[in-house]
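In what follows, a single structure is set out as structure tokens and then discussed.
Below, read A as the first sequence line, B as the second, and so on, with proteins coming before strands; counting in each chain starts at 1. Just so you know, these numbers use all the heavy atoms, side chains as well, and skip hydrogens, waters and symmetry mates.
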There are 4 protein chains.
Amino acid sequence: MLDAALDVFAEKGIDGASVKDVAAAAGVTPGLLYHYFAGKEALVTALLRERGFARRLRELLEQDRGRSATEVLPRVMREFDGLLAANAKLLRLFFAAGHSHENVRSVLAEFVAEGQAAMADYLRSRVAEGELRDHDAHTTATALFASLAVGRSAGIPVDVAELVGLVLHGLVRPDGDTPPETEREITGA
Amino acid sequence: MLDAALDVFAEKGIDGASVKDVAAAAGVTPGLLYHYFAGKEALVTALLRERGFARRLRELLEQDRGRSATEVLPRVMREFDGLLAANAKLLRLFFAAGHSHENVRSVLAEFVAEGQAAMADYLRSRVAEGELRDHDAHTTATALFASLAVGRSAGIPVDVAELVGLVLHGLVRPDGDTPPETEREITGA
Amino acid sequence: MLDAALDVFAEKGIDGASVKDVAAAAGVTPGLLYHYFAGKEALVTALLRERGFARRLRELLEQDRGRSATEVLPRVMREFDGLLAANAKLLRLFFAAGHSHENVRSVLAEFVAEGQAAMADYLRSRVAEGELRDHDAHTTATALFASLAVGRSAGIPVDVAELVGLVLHGLVRPDGDTPPETEREITGA
Amino acid sequence: MLDAALDVFAEKGIDGASVKDVAAAAGVTPGLLYHYFAGKEALVTALLRERGFARRLRELLEQDRGRSATEVLPRVMREFDGLLAANAKLLRLFFAAGHSHENVRSVLAEFVAEGQAAMADYLRSRVAEGELRDHDAHTTATALFASLAVGRSAGIPVDVAELVGLVLHGLVRPDGDTPPETEREITGA
DNA sequence: CATGAATGAGACTTCATTCAT
DNA sequence: GATGAATGAAGTCTCATTCAT
């Protein structure tokens with residue numbers, strides 16, 4: 001039922017899709033939806049909560065806490081991009097949900113903040129380790145996620161490797177002793 | 001009348017606001033709106049066309065075609081951020097419009113593409129001038145705009161100077177001897 | 001439109017009649033009802049306010065302020081009974097409205113109180129004049145109105161003259177030799 | 001289960017309360033209600049039959065058949081008022097039920113008639129005994145019950161002693177000098 | 001230009017009732 | 001006895017749009 005809702009909402013938008021549409025897509029009657037969800041809004045928030053991927057993002061970043069950004073960022077962003085690609089519908093839903101009722105908005109804000117914080121935490125840990133220069137981690141986190149999300153949502157092709165490269169070479173301390181990229185050290189040797 | 005429409009649509013969303021709402025906010029009757037606009041959708045697209053700021057962005061970038069990115073980017077992004085701040089309502093409208101009728105969508109896509117292209121063109125001109133390393137200008141343009149737009153739209157503070165610094169220091173060739181990208185250096189050797 | 005509403009609500013009850021029913025009876029579409037009334041409840045309260053007869057009752061009683069109860073009461077109650085008979089539909093509506101939304105209830109209470117007060121005021125003025133014995137005017141007002149209203153509403157026949165006689169002279173035979181009713185005495189003589 | 005139904009119906013009205021509401025208040029599932037009652041309407045009529053107090057009223061009056069009205073009426077009306085107070089919910093239900101389905105209506109009418117008849121029978125027995133003057137007993141019965149019921153239902157305070165006094169002795173001052181009724185004085189001259 | 005009455009379609013939601021378990 | 005998933009019909013209300021004035 002949530003699957004059907006995701007499909008329909010993603011395709012038509014939350015306001016654009018009727019409860020009847022969702023019910024039809026799920027192969028049930030509208031009445032049954034109200035047996036399980038208090039209303040349309042509750043359906044949307046349930047959808048967001050059940051299918052959101054902020055948690056997965058935090059897991060990714062936390063298990064890599066000790067590893068270098070040059071190694072972690074490409075991998076995580078690729079995985080994040082994969083999540084976005086796999087959940088393209090959900091992503092569109094996220095962007096469309098901006099003007100829905102207050103509840104939907106707060107659930108969304110919560111998720112965005114969670115993802116932001118996970119990335120910012122990780123980045124700051126790399127600053128503490130001396131790998132990255134001191135910077136505003138929030139701005140960087142936003143740049144990373146927003147670029148990918150907007151790109152995928154708007155159909156603008158964004159190259160993950162390019163994006164990570166862009167961000168990394170701005171952040172890595174330029175002075176000699178700590179090499180910015182592992183591969184370069186090796187190949188440069 | 002467009003001003004009122006902007007206010008109302010930004011606050012309630014396009015689907016969430018009725019033509020009557022817009023008319024009331026403009027101090028006219030719904031009937032009169034139909035005297036000037038073919039319908040609700042026409043009102044939205046007119047609004048986007050009249051109030052959009054893609055043109056202003058292109059102007060900004062074209063008059064600076066010859067100047068260095070280190071000088072131009074901070075200035076342009078600051079100005080772009082100012083536009084976003086001044087047109088917060090319009091921005092929310094942009095994000096909300098994603099799932100509206102086809103016409104609205106295409107007008108939107110057009111504007112985004114126009115802004116993208118303006119920035120990408122400029123960036124490529126700086127690559128040609130030798131200031132910036134060769135890169136995927138579209139990805140960079142997306143990163144720049146998306147970060148600011150998402151930040152402002154979602155209420156996440158994004159520091160413009162930080163963002164520009166982030167992007168610039170990844171792109172500017174350090175100064176010859178240490179090449180920015182290992183692979184290219186090697187293949188170039 | 002209010003006429004149609006009165007008919008329909010009186011026949012089916014407020015909850016039992018749909019807005020569609022009312023609209024159909026008025027020969028318009030449901031949508032138009034919402035052009036004039038904020039909702040079903042507003043329709044009911046408007047109906048009560050426009051068609052209520054508490055005002056007429058007060059007028060009746062005020063113009064008779066100086067006259068004796070034995071003269072006024074029969075006349076007023078007869079007229080009140082006439083109002084009830086003429087507005088039988090409205091009366092049923094009054095009784096049925098008890099469980100509707102709060103607004104309806106308060107409009108109703110207001111009317112009942114107004115009628116009550118008008119009668120109680122009059123009765124007290126007759127006490128002051130020495131015609132009537134001192135008593136709880138509210139209880140009497142309630143007895144007069146409630147009897148008639150319940151009788152008409154429930155289809156129980158209530159004789160107005162009997163009711164007024166009852167209230168004015170009571171049931172207990174004065175004390176045997178003097179017969180309770182003057183006329184009968186005379187005719188019996 | 002009937003208790004819960006009484007609570008819920010009295011509070012929300014018969015149409016205003018759903019079967020689910022009743023079931024929830026009774027701590028059972030809607031399905032179970034249908035195990036015991038054929039439907040919502042059957043539930044209401046069962047409620048009226050099980051909890052109605054017309055029978056109690058008849059008992060009261062029959063055991064007092066031989067006693068004087070001046071003694072019986074105050075007592076019975078006080079007890080009836082007590083029943084109303086104790087069954088305030090039921091009373092509201094009675095008034096609200098007026099526009100329900102036909103079955104409910106007929107059960108109601110039956111009860112009212114039963115109470116009416118009991119009182120009228122008693123009054124007539126007192127007329128036969130010579131205590132009360134000849135009169136329309138139905139009108140008196142209606143006046144007695146309706147006043148109390150409407151008063152309690154509408155929140156208008158009705159003094160039982162006053163009401164009984166009113167009915168028994170009337171309003172007109174009995175003492176000689178100020179004549180109670182113009183006609184009587186004149187005709188009595 | 002301007003009004004606002006009028007409509008028809010459709011939205012969200014509720015609910016009495018049934019029935020497989 | 002008891003559950004609760006499931007449904008179909010209906011209800012209230014909104015709204016883009018039209019049109020006579």
Proximal nucleotide (of F/dG4, E/dT7, F/dT12) relative to the D/T29 side chain: F/dG4

Nearest listed nucleotide, side chain of B/S18, among E/dA16, F/dA2, F/dC15: F/dC15

Assign [X] to base, sugar-phosphate, or nothing according to its heavy-atom contacts below 4.0 angstrom with the strands shown.
X: D/A38; answer: nothing
X: C/A17; answer: sugar-phosphate
X: B/F37; answer: nothing

Watson-Crick or G-U pairs under 3.5 Å in DNA chain F, rendered as dot-bracket with [ ] for crossing pairs and | for another strand: .||||||||||||||||||||

Sole residue of A/L108, A/I14, A/V107 in side-chain contact (heavy atoms from CB on, under 4.5 Å) with A/V44: A/I14

A/H35 or C/L32, whichever maps to the more 5' nucleotide of DNA chain F: A/H35

Residue mapping more 5' on DNA chain F - nearest nucleotide basis, C/D21 or C/G31: C/D21

Figure out the [atom1]/[atom2] separation between [X] and [N], and round it to whole Å.
X: C/K12; N: F/dA10; atom1: NZ; atom2: P; value: 12 Å
X: D/E41; N: E/dC15; atom1: CD; atom2: C1'; value: 16 Å
X: B/K40; N: F/dA16; atom1: NZ; atom2: P; value: 4 Å
X: D/I14; N: E/dT14; atom1: CD1; atom2: P; value: 21 Å
X: B/D15; N: E/dG10; atom1: CG; atom2: P; value: 16 Å
X: C/L33; N: F/dT12; atom1: CG; atom2: C1'; value: 11 Å
X: B/F9; N: F/dC15; atom1: CZ; atom2: P; value: 12 Å

CG on B/L83 to CZ on B/R56, rounded to 0.5 Å: 7.0 Å

Is [Y] close to [X] at the side-chain level, that is, under 4.5 Å between some pair of heavy atoms?
X: A/Y34; Y: A/V19; answer: yes
X: C/L57; Y: C/F111; answer: no
X: A/R51; Y: A/D3; answer: yes
X: C/L2; Y: C/L43; answer: yes

Phosphate contact (F/dG4 OP1 or OP2) by A/Y36 side-chain N/O below 4.0 Å: no

Phosphate OP1/OP2 of F/dC13: any C/Y34 side-chain N/O under 4.0 Å: yes

Heavy-atom closest pair, residues C/A149 and C/L91: O-CD2, 3.6 Å

Whole-Å C1' distance, E/dC1 and F/dT21: 13 Å

Residue mapping more 5' on DNA chain E - nearest nucleotide basis, C/G27 or B/G27: B/G27

